[in-house]
Amino acid sequence: SVIPAIIETDNYDEFARFIQFRRKLLEQTFHKGLSATLEQIELLELADEFPPELREIVFSVSSKEEAAAIVDKFPETWEFFNTLFSQNDPEWAFLMEQIDNIDEKIKELKLPYEMPQRIELCKKAIALIERRGKNELWAKFQGELANSYAKSSSGRRKANIELSLEHYQLALEVLTEDEFPLLWGMTHFNIGTTYNSRLAGDQVDNIELAIHHHKLALKTITENEFPVEWADIQHALGNCYLDRRVDPKQESFERAIKYFEAACRVYKQESSDSDLGMVYASLGQAYTELDGESAIKQAVTYLNQALKI
């Protein structure tokens, strides 16, 4: 059954390179590929699904540390490396299984009173991942831990927000704008949102920091690639300018309206009614801050639209 599987690959050069890769990584010897097991054939089939450039990268790996870095950058290689190492290193498979299980439990915990449990799970995942060195997965759980502190109804709100900011910053020690554009941008977005609700420090400074981080997020979160996330940031920026109490206030309110309108445009096409309803309410509130009868009429129009959703 092995020989037909080899023949069906129809790519002997690729198979030869694969055998060389396995020999280097696992110090196993194959004789012309005919003693390869079905497990090796399964791995080859997984690798065949990758573009040629990615196969080159995958076959160049010589350690689990290199594999972990590749999985961080190319999540589609996860199954390949997990299969590869679990055949020869049960500890690797067990570690990844633990992390996957923790991640599933974290996703189930969404309510504020569940955040203490979520915080403990995030800390457990981070401790496990640190055995492999800091990477995108480590940063992801730092972000999840920060989110959990920000949403928690347990403990002191002021202290939780500071812990949230601390763990977002830890995530940014690993994430880079070029390597992880989405996660880098969303982390800055979350930092901006957290600064906008911060209780410590000067509130004027907090709003300016929130605006700064939201605008950083827009460097990688573009409307074309991530329309809903882009609209969320537009909405958040509108809220910042609405809360901004520095002169000239009129200018801040007008900028808030522009950001809300941008979010509204995308939400109408891409998002849920609840998002659209919230931005309608924000537009209504912004127009109430402006002078003139036409502004009041606009405010009433948007507030009525929000109530209909």
**Request:** To the nearest 0.5 Å, tell me how far Gln142 CD sits from Leu170 CG.
**Result:** 5.0 Å
**Request:** Report the C-alpha distance between Ser272 and Ser274 in whole Å, list the side-chain angles of each, state the deciding distance to 0.1 Å, and finish with yes or no for side chain to side chain donor-acceptor pair (under 3.5 Å).
**Result:** CA-CA 5 Å; Ser272 64; Ser274 61; 2.9 Å; yes
**Message:** One pair to check against side-chain contact (heavy atoms from CB on, under 4.5 Å): Val204 and Arg245. What are the steps and the verdict?
**Reply:** CA-CA 7 Å; Val204 172; Arg245 297 305 185 211; 5.8 Å; no
**Request:** Indicate yes or no: does Glu223 engage Arg265 in a salt bridge with an N to O separation below 4.0 Å.
**Result:** yes
**Message:** For the OH atom of Tyr287 and the CD1 atom of Ile296, what is their distance to the nearest 0.5 Å?
**Reply:** 12.0 Å
**Message:** Applying side chain to side chain donor-acceptor pair (under 3.5 Å) as the test, list every pair that has at least one member in residues 181-190; sequence neighbours left out.
**Reply:** His188-His213
**Asked** Among all residues two or more places apart in sequence or in another chain, which pass the salt bridge (charged side-chain N to carboxylate O under 4.0 Å, His left out) test with Arg255?
**Response** none
**Asked** Do Lys258 and Glu261 meet the salt-bridge criterion of a basic N to acidic O distance under 4.0 Å?
**Response** no
**Path from Trp138 to Ile102 over hydrophobic side-chain contacts below 4.5 Å** = yes
**Prompt:** Using 4.0 Å as the upper bound for N to carboxylate O, is an ion pair formed by Glu177 and Lys219?
**Reply:** yes
**Message:** Between Glu289 and Lys249, does any NZ, NE, NH1 or NH2 come within less than 4.0 Å of an OD or OE carboxylate oxygen?
**Reply:** no
**Item:** Passing option when Phe189 is tested against His235, His214, His212 for ring pair (Phe, Tyr, Trp, His ring centres under 6.0 Å)
**Value:** His214
**Item:** From CG (Asp291) to CZ (Phe253), nearest 0.5 Å
**Value:** 9.5 Å
**Prompt:** Between atom CD1 of Ile106 and atom CD of Glu114, what is the distance when rounded to the nearest 0.5 Å?
**Reply:** 12.5 Å
**Request:** Check whether any side-chain heavy atom of Leu175 sits under 4.5 Å from a side-chain heavy atom of Glu179, and report yes or no.
**Result:** no
**Phe260 side chain near Leu242 side chain, heavy-atom distance below 4.5 Å** = yes
**Asked** Would you say the side-chain atoms of Arg118 pair up with the backbone N or O of Leu109, donor to acceptor, closer than 3.5 Å?
**Response** yes
**Prompt:** For atom CE of Met115, is the number of surrounding heavy atoms from other residues, nucleotides or ligands below 6.0 Å larger than 12?
**Reply:** yes
**Request:** Show the numbers, then the answer: is there a side chain to side chain donor-acceptor pair (under 3.5 Å) between Tyr168 and Asn147?
**Result:** CA-CA 9 Å; Tyr168 284 135; Asn147 291 340; 2.3 Å; yes
**Any side-chain heavy-atom pair of Val174 and Glu136 under 4.5 Å** = no
**Asked** Are Val279 and Leu307 co-members of a hydrophobic cluster defined by side-chain heavy atoms under 4.5 Å apart?
**Response** no
**Asked** Between CD1 of Ile257 and SG of Cys264, what distance do you get to the nearest 0.5 Å?
**Response** 12.5 Å
**Asked** Does one hydrophobic cluster hold both Tyr195 and Ile207, with members joined at side-chain heavy-atom distances below 4.5 Å?
**Response** no
**Message:** Could you report the tightest heavy-atom contact between Ser164 and Ala150, atom names first, then the distance?
**Reply:** OG-CB, 3.6 Å
**Prompt:** Tell me, do Glu53 and Ile57 make a side-chain contact under 4.5 Å, heavy atoms counted?
**Reply:** no
**Message:** Ring centroids only, cut at 6.0 angstrom: are Tyr241 and Tyr259 within range, meaning strictly under it?
**Reply:** yes
**Message:** I need the Ile161 CD1 to Asn206 CG distance, nearest 0.5 Å.
**Reply:** 9.0 Å
**Prompt:** Of the non-hydrogen atoms in Leu145 and Cys122, which two are nearest, and what is the gap between them?
**Reply:** N-SG, 3.7 Å
